[in-house]
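One-based numbering, in listed order, for ligands and for the atoms of each. All values reported here derive from a predicted model rather than from experimental measurement.
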Amino acid sequence: MKNIAGKTYSLFGDDATSNDYFETVRKLTDFHFEKFFYKEESLLELIRLTEKKSKIKNRQQKNADIIAVIRENLKQLLAPYTGGVKAHLKGLSLFQRFDATLRTKEHQYHLFMIEIELVNRINRDDFLQAEFKMALFPHCLSDFRPRCLSEAGDIEHLCQGCTKDCHINLGGKLLRKYGIESYISATMDQRKLFKGLKIQHPSLGVLGIACIPELARGLRLCQSLGIPAIGIPLDANRCARWMGRAQETSFNLRELEKLIK
Ligand code: SF4
């Protein structure tokens, strides 16, 4: 692992690894359970409501008060990981402002971070019990390599293991140990992809690895299709969509193993 900066976020903060980030998110999630006595599903619902609506109506005043506290707590502890958001938003072109992922605000990143942790807690057992378990890696984990030899496979692209330290290759080997098939994402229409897979494999579990806004939205998509999905965020957002040209990124293998074993 080496500390890398993303366009808007980096899970390294000032550290040499992203381990502290995951600990912080776990502690923040636990703290809000203890403080507000929410069940995981209820806290998830509240977090999603907060992310979608910046103003909560008067009749939900109790929720509005809780949300204000949650947002402030998240800001204090998660801001070190999202230092690039403000400058990025200022630099967006008119065209880029139509892209919901690119225009993600800083408080949304913080809410997405907790949302991903909650979804993992809620879905982990169902994912592990699924008969067909698959992982989707983003192309940006490999595509800065000029000679990535991945090939189209039965579902999505398949890694050919050409480079021993490639993050996709390393992740794929780990996933295989736990009976999870790995693919490199190539399909643009993921709703269609997952719908088709659900017909083919009624007992399906999906593990996503993606930048924070994409991962949170992917987990929501899977939920809407009745697929238990879990995920690990990329350490930093550095693909061409964010940076103009693809730059190497990584994800936390230790956290991946914790999630699936
Ligand atoms: S190891 Fe796999 S994903 Fe990485 S560059 Fe080679 S074929 Fe592509």
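- Heavy-atom contacts of Cys159 reach the following atoms of ligand 1: 1 (S), 2 (Fe), 3 (S) (cutoff under 4.0 Å).
- Under a 4.0 Å N-O distance rule, the pair Asp30/Arg121 qualifies as a salt bridge.
- Linking Ile, Leu, Val, Met, Phe, Trp and Tyr whenever their side-chain heavy atoms come within less than 4.5 Å leaves Ile122 and Leu204 in two separate clusters.
- Taking every non-hydrogen atom of Asn169 and a distance limit under 4.0 Å, the qualifying atoms of ligand 1 come out as 1 (S).
- Salt-bridge check for Lys258 with Glu255: passed, with a basic side-chain N closer than 4.0 Å to an acidic carboxylate O.
- Here the options are Cys211, Cys140, Cys239, Pro138, the test is side-chain contact (heavy atoms from CB on, under 4.5 Å), and the partner is Thr249; only Cys140 passes.
- Between Trp242 and His88, the angle of the ring planes lies from 30° to 60°, which puts this pair in the tilted group.
- Under a 4.0 Å criterion applied to the non-hydrogen atoms of Cys166, ligand 1 contributes the atoms 1 (S), 3 (S), 4 (Fe).
- Taking 2.8 Å as the criterion, Cys162 does not count as a coordinating residue of atom 8 (Fe) of ligand 1, since none of its N, O or S atoms falls below it.
- Heavy-atom proximity to Gln160, at under 4.0 Å, picks out these atoms of ligand 1: 2 (Fe), 7 (S).
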